[in-house]
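Accompanying notes for the structure given below.
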Amino acid sequence: MIFFHPNNKQFHLSNEKISYIFKVMENGELCNLYYGKAMKDRENFDHLQSYYERPLTPNSASLSMLSLQYTRQEYPSYGTGDFRFPAFRILQEKGSLISNFVYESHQIFSGKKDILPLPSTYVEKEQEAETIEITLFDQVTQTRLLLSYTIFAYLPVITRHAVFTQVGAATISLKNAMSLCLDLPDMEWEMLHFAGTWGRERYLKKRSLEVGIQSISSMRGSSSAEHNPSFLIKRPHTTEFAGEAIGFSFVYSGSFLGQIEVSPYEETRILLGIHPENFDWQLKQGESFTTPEGILVYSDNGLNAMSQTFHQLFRTHLNRSQWRDKPRPILLNNWEATEMTFDEELILKIAAKAKEAGAELFVLDDGWFGTRNDDTQGLGDWFVNTEKLPSGIDGLSKKITDMGIAFGLWIEPEMINKNSKLYETHPDWLMVDPAREPSPSRHQFILDYSRPEVVDGIYQMLEKVISGSDISYIKWDMNRYTTETYSNHTPAEEQGKVLHRYVLGVYDLYTRLTARFPHILFESCSSGGARFDPGMLSFAPQTWCSDNSDAVDRYRIQYGTSYFYPISSIGAHVSAVPNHQTGRISPLATRANVAYYGAFGYELDLNHLTDKEFEEVKAQIAFYKKSREVFQFGTFYRLLSPFENHGSAAWISVSEDKSIAYAGYYQTLERVNHGSIRLYLAGLCPKKQYHVTSYSYDHIHYGDELMNAGLVIDRRILSRLGGDFTSLLFEIKEI
Ligand code: GLA
């Protein structure tokens with residue numbers, strides 16, 4: 001998979017789908033020759049390098065013909081005649097930021113190494129990937145730079161990261177260290193990214209690239225609901241089913257920058273990595289810094305193919321838990337039913353009804369610990385509130401598991417309220433500059449996870465609660481961003497390390513808890529989906545997608561989320577109407593038809609349903625038990641975008657052997673007396689005959705007919721169902 005041509009010092013990473021070609025130039029620096037659809041290997045690809053003589057061009061000091069401003073580089077330095085943003089900057093003791101790394105050596109090997117303590121993608125067998133590590137050296141700073149590239153054998157995936165090691169006696173300071181840089185020869189691309197805020201995460205945003213800089217980022221200490229650390233570029237004509245696209249994703253849960261710079265000569269540079277703001281990493285002699293992993297996925301078959309690659313990569317080469325390949329339990333969470341106002345009797349009543357409906361897991365959300373009766377108090381006190389729950393979590397979990405339903409618990413381990421026992425004992429555990437008042441958010445503050453003793457203290461408390469009870473699921477929440485980055489126990493010259501160390505502290509706690517309790521299914525959460533990123537997915541195979549549980553808003557949010565994240569990772573629940581966030585009343589069937597495409601559950605008290613509604617819920621759960629593997633692990637295609645199509649959406653999940661599929665169609669507002677809808681399905685076997693059923697629909701079709709002529713949906717059916725916010729779920733079963 002990785003060819004090396006020693007005569008021309010060229011490297012060609014290739015599999016059946018992609019080629020990535022770069023070389024060592026005559027001056028020892030690296031330049032990119034090609035990235036895209038697979039090409040046959042050859043001895044020399046030199047002709048792909050562009051040399052330009054342009055007015056006022058600075059040339060490389062060591063090679064007069066070369067201008068780095070017009071060279072597609074692998075990991076550009078500052079101070080080489082390239083005026084674009086560099087991939088890194090090193091501040092030296094004498095104040096210089098100039099560097100120049102030249103090739104020293106390389107090694108190619110089968111498989112892929114971990115970059116612990118950072119999460120990263122992995123392979124289980126050596127033949128699933130090949131890796132090349134290139135070592136470069138800067139003579140003046142005496143710094144070694146290792147650039148690592150892994151190509152997956154069966155997927156159009158390349159992963160990258162960089163390692164800086166200070167060899168010389170002088171201390172250096174990394175001001176910026178991106179995980180990847182990709183220089184492309186033209187700007188005929190559109191950028192698609194996923195932006196939002198609380199309650200409307202990952203709405204699809206699109207813009208054409210322009211000369212200048214366009215970027216997405218988070219400076220909030222976590223990946224954020226505002227921008228997601230996964231984005232893509234596509235050719236203007238690329239659709240869901242055809243054309244070129246390149247997806248970028250960052251295996252990291254902290255602040256990040258994804259930046260696209262287009263030069264006046266219409267060449268494109270893409271950088272992805274830790275946000276340089278608030279980052280400053282000193283390296284003394286012998287010390288190293290490893291960047292998190294950046295991922296590149298290429299598709300020449302449209303956006304669905306790109307998404308399917310990410311789904312497969314994240315499902316089978318990222319998460320490391322025992323739950324990775326297991327169908328997810330149907331859960332009922334009490335948050336929207338009770339918030340923090342409950343007692344043991346009420347919880348047992350809700351859990352018993354969930355069991356009666358057929359649910360497999362009951363989750364007790366916020367409010368069970370300390371004096372947590374509202375959100376002004378209790379965070380940090382990870383011991384049970386016996387006034388509310390006299391039998392403790394141990395007793396309650398036993399009562400619930402004795403009913404025949406598993407028990408799960410909510411925690412928010414990175415946070416503290418000032419009104420808590422933890423604050424009385426450890427006021428110094430807050431991340432705060434003691435000379436200033438920190439800004440509260442939801443009345444809470446951040447614990448200084450850059451300090452191992454803080455992480456350890458919280459681990460001890462949580463270990464006690466979890467080990468003493470019958471717990472098989474944990475929802476790990478995180479309900480505010482970092483505002484004042486400062487660690488009171490860290491020397492001045494290391495303050496630039498605090499935010500990254502915080503993220504490492506979170507990963508450390510995740511590592512310890514998942515190792516200590518390997519049977520537990522973790523679901524990450526951050527005020528809904530504000531930390532839905534590959535770093536979290538490495539530990540927790542699913543993430544609560546949004547606090548907005550309104551069915552109509554949810555198909556937008558889940559649609560956006562599906563561009564990168566697998567359906568099995570999308571926590572999705574049916575909740576009560578009028579919806580708590582929007583006040584909208586949508587049919588129970590639509591709420592379920594949306595939530596099926598995820599880690600499915602309920603978020604309401606089933607005791608409040610009418611008998612008819614309860615029977616409907618029982619039927620939904622029984623249906624999902626038979627079908628969930630198709631929804632969660634099938635091949636997923638987006639069919640109609642809710643960001644167009646008058647807000648209506650459609651998608652389909654197809655089993656691996658194409659013998660069964662489920663397609664969902666969702667109508668936002670009724671459109672009176674309009675033509676019928678032609679829904680073109682995807683992913684089926686053209687020659688197979690399928691029995692297609694839905695509400696009042698029962699026909700037999702060949703796969704090619706369903707894909708080429710489309711499934712015709714009569715609008716009158718949707719009117720009969722109630723018009724606005726109605727939906728249809730089609731079962732498509734091979735005969
Ligand atoms: C966040 C979560 C919710 C719920 C509450 C509890 O908002 O996203 O699901 O757990 O916290 O306080």
Side-chain angles (χ1 to χ4, degrees), residues 196-202 220 222-226 228 253 331-342 346-347 350 361-382 384-385 388-389 393 407-417 419-420 440-446 462 471 473-481 506 521-533 536 540 542-550 553-554 557-558 561 569-576 579-582 591 595 598-605:
T197 181
W198 178 87
R200 54 178 172 88
E201 297 91 337
R202 290 171 296 288
R220 295 162 190 260
S222 81
S223 49
S224 90
E226 281 65 18
N228 194 270
S253 310
L331 66 80
L332 185 135
N333 176 304
N334 73 309
W335 176 248
E336 285 199 15
T338 66
E339 300 211 339
M340 297 182 210
T341 312
F342 56 77
L346 179 59
I347 292 300
I350 296 174
L361 167 69
F362 170 79
V363 178
L364 179 60
D365 211 278
D366 195 356
W368 59 267
F369 50 90
T371 54
R372 186 75 168 169
N373 297 317
D374 56 51
D375 60 14
T376 64
Q377 54 189 324
L379 282 175
D381 295 344
W382 302 111
V384 72
N385 177 337
K388 277 183 180 173
L389 303 171
I393 291 297
F407 180 78
L409 196 63
W410 178 96
I411 58 172
E412 195 181 356
E414 298 153 70
M415 297 294 152
I416 184 165
N417 286 120
N419 186 353
S420 67
S441 179
R442 206 194 187 199
H443 313 286
Q444 64 195 58
F445 300 90
I446 300 208
L462 290 173
I471 292 176
Y473 163 105
I474 293 281
K475 176 176 170 187
W476 177 324
D477 209 341
M478 197 272 202
N479 285 317
R480 66 159 293 170
Y481 297 127
V506 173
L521 169 62
F522 280 81
E523 176 154 348
S524 72
C525 173
S526 176
S527 301
R531 201 161 62 176
F532 206 135
D533 62 55
M536 283 293 127
Q542 57 195 60
T543 300
W544 179 227
C545 187
S546 176
D547 275 350
N548 188 345
S549 61
D550 173 78
D553 279 354
R554 260 312 184 101
I557 296 169
Q558 291 176 212
T561 307
S569 72
I570 301 176
H573 301 169
V574 171
S575 62
N579 179 268
H580 285 207
Q581 295 78 29
T582 61
R591 283 174 267 155
F600 177 68
Y602 291 82
E603 185 129 349
L604 74 171
D605 183 349

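For ligands, and for the atoms within them, numbers begin at 1 and follow the listed sequence. Note that the structure is predicted; figures quoted are calculated from it, not measured.
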Query raised in the report: Roughly how far, to the nearest 0.5 Å, is the CG atom of N334 from the CG atom of D605?
Result: 9.5 Å
Requested in this report: Could you list which atoms of ligand 1 come closer than 4.0 Å to a heavy atom of G528?
Outcome: 8 (O)
Requested in this report: Would you give the length of the straight line joining atom CG of D375 to atom CZ of R442, rounded to the nearest 0.5 angstrom?
Outcome: 5.0 Å
Report summary line: For N479, the ligand 1 atoms with a heavy-atom partner under 4.0 Å come out as 1 (C), 7 (O), 11 (O)
Report task. Take L379 and F445 through the side-chain contact (heavy atoms from CB on, under 4.5 Å) test and state the conclusion after the steps. Result -> CA-CA 9 Å; L379 282 175; F445 300 90; over 6 Å; no
Query - ligand 1 N/O within reach of D365 N/O, cut-off under 3.5 Å - result: yes
Query raised in the report: Does ligand 1 have an atom that lies less than 4.0 angstrom from a heavy atom of R442?
Result: yes
Requested in this report: Of the side chain and backbone of D477, name the one, both, or neither that has a heavy atom under 4.0 Å from an atom of ligand 1.
Outcome: side chain
Report summary line: One finds that the ligand 1 atoms under 4.0 Å from a non-hydrogen atom of D366 are 6 (C), 12 (O)
Query raised in the report: Centre of F522's six-membered ring, under 6.0 Å away, within 45 degrees of the axis: is that where NZ or CZ of K475 sits?
Result: no
Query raised in the report: Are any of the N/O atoms in R372 less than 3.5 Å from those in ligand 1?
Result: no
Requested in this report: Look at the aromatic rings of W382 and W368 and report parallel, tilted or perpendicular, splitting at 30° and 60°.
Outcome: tilted
Report task. Kindly confirm or rule out an N or O of C525 lying under 3.5 angstrom from an N or O of ligand 1. Result -> no
Query - Any donor-acceptor N or O pair under 3.5 Å, side chains R372, N417 - result: yes
Query - Nearest candidate to atom 7 (O) of ligand 1, where distance is taken over non-hydrogen atoms, out of I411, D547, N548 - result: D547
Requested in this report: Examine K475 against ligand 1 and note whether any of their N/O atoms are separated by less than 3.5 Å.
Outcome: yes
Query raised in the report: Does the pair T543 and I570 meet the rule for a side-chain contact (heavy atoms from CB on, under 4.5 Å), with working shown?
Result: CA-CA 6 Å; T543 300; I570 301 176; over 6 Å; no
